[in-house]
Amino acid sequence: MTKLKISSQNILNIEPYKPGISKVLGKKEPIKLSSNENPFGCSENVLKAINESFKKIHRYPDGSSTLIREKIGEFYKLNPNQVICGAGSDEIITFICMAYGGAGSEVIYTEHGFLMYPISAMATGATPVKVKEKNLKADIEEILKAVTPKTTIVFLANPNNPTGSYLTTEEVRALRKALPQNILLVLDYAYAEYVNRDDYPDAFQLATEFDNIIAIRTFSKVYGIPSIRLGFGYACDEIIDILNRVRGPFNTSTMAQVAGVAALEDQKFVKKTVEHNTKWLKIVTEELAAIGYRIYPSVGNFFLMDFETEKRADSADLFLKECGIIGRQMQAYGLPSCMRFTIGLEEENKLLLKSLKEFKHG
Ligand SMILES: Cc1ncc(COP(=O)(O)O)c(C=O)c1O
């Protein structure tokens, strides 16, 4: 043991984040349905832009991410000065916790919410407060019951990963109205592009209207560039100013900045991805439900499936790996009897269906 003193004992409570696995012993090219990635990869435009940017690899990136913030502003009709970019939306979550969390504060997240919320909160010495969900959906009453004078942040993934459920405009507005003004409501919209429901809240509109809401987005999902690390937050000037103070000087790379611009410019690619996802999410979930599997309704690019017991979920995981398919086990999310699967390419989805049918009847 060293004699070093860590900044907060809470760090010892952190269970390091375990990403979805990508290798299976004996399988050359397994089908990875474990990380909610885009099965089409990314736009050709993005690859060209990144290639071009290599010429400038010896130069520091633009520390203010100016071009990509301006592009985001133009595309989503937002003031670029109210946008902050990060190395993935994970980094925006970190900035939020650094700025508004810290020792003595409490950070609320929901029972099966994204794992980086408690991890980032604990890293700053804050106490994460996990609240119950109702039928695997965030529950406003439970969130409000958990509020104390120490609460500074409420994290809400909408839709949530891994459950796929979402809160409606009416519900999010009711939550914001009932929460004390001094609590920051984080609307994590990592999967927003996939949602096609009329009652899905417009997070940018809400963050424009309320000076205690931040909307966060990522280029890792529909835009298909998770390895390049780019995400952003949109909020009122004051929040963005505070977050910029805890941000490192060159937190997004030149490659990420040009990739983001090129990605936004290729909306054809986004349309193709979303249409494919809508079609296959419906086919896969309906076919699995029809043969008796319990599927939770999802509006994202993934779905959660309940195998009733942890043992059965473990066997399914092993069986699928033998078929060359990697899903995501859900122990870390408090759902040990479940697995989460990302919607893949047509042939990948067909193989998943075939394999799960075999598993059911085997
Ligand atoms: C709900 C949610 N938020 C944020 C993220 C972080 O994404 P990234 O840091 O790649 O932008 C993820 C990734 O899986 C997610 O599911």
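First listed ligand is number 1; within each ligand, the first listed atom is number 1. Just the heavy atoms: all of them, side chains too, but no hydrogens, waters or symmetry mates, feed the values below.
Within the set Leu115, Ile216, Thr218, Leu230, the minimum heavy-atom distance to atom 11 (O) of ligand 1 is found for Thr218.
You'll find the ring centres of Tyr194 and Tyr189 outside the 6.0 Å limit. Side-chain rings of Phe114 and Tyr109 stay apart, their centers remaining 6.0 Å or farther from each other. Ring centroid separation for the pair Tyr234 and Tyr76 does not come in under the 6.0 Å cut-off.
Here the protein heavy atom with the shortest distance to atom 1 (C) of ligand 1 is Asp188 OD2, 3.5 Å. The single protein non-hydrogen atom nearest to atom 14 (O) of ligand 1 is Lys221 NZ, 3.0 Å, given as residue, atom name and distance. Scanning all protein heavy atoms for the shortest distance to atom 7 (O) of ligand 1 gives Ser89 OG, 3.3 Å. Ranking the protein heavy atoms by distance from atom 12 (C) of ligand 1 puts Phe114 CZ, 3.4 Å first. The protein atom (non-hydrogen) at minimum distance from atom 10 (O) of ligand 1 is Ser220 OG, 2.6 Å.
Residue-environment remark: CD (Glu170) stays at or below the threshold of 12 foreign heavy atoms within 6.0 Å.
Taking the side chain to side chain donor-acceptor pair (under 3.5 Å) definition, one finds that Lys321 meets it with Asp317, sequence neighbours left out.
Geometrically, ligand 1 and Tyr117 share no nitrogen or oxygen pair separated by less than 3.5 Å. For ligand 1, the polar-atom distance check finds an N/O of Arg229 within less than 3.5 Å of one of the ligand's N/O atoms.
Close approach of ligand 1 to Tyr191 (heavy-atom distance below 4.0 Å) involves ligand atoms 1 (C), 14 (O), 15 (C), 16 (O). Within the listing of ligand 1, atoms 9 (O), 11 (O) sit less than 4.0 angstrom from a heavy atom of Gly88. Ligand 1 places these atoms under 4.0 Å from at least one heavy atom of Asp90: 6 (C), 9 (O).
The pair Lys272-Glu275 fails the salt-bridge criterion, with no side-chain N (NZ, NE, NH1 or NH2) lying under 4.0 Å from an Asp/Glu carboxylate O. Lys71 and Glu74 are joined by a salt bridge, as a carboxylate oxygen and a charged side-chain nitrogen come within less than 4.0 angstrom of each other.
Between Phe219 and Phe232, the ring planes lie tilted relative to each other; the angle falls in the 30° to 60° range.
Contacts between Pro226 and ligand 1 below 4.0 angstrom, taking non-hydrogen atoms only, are absent altogether.
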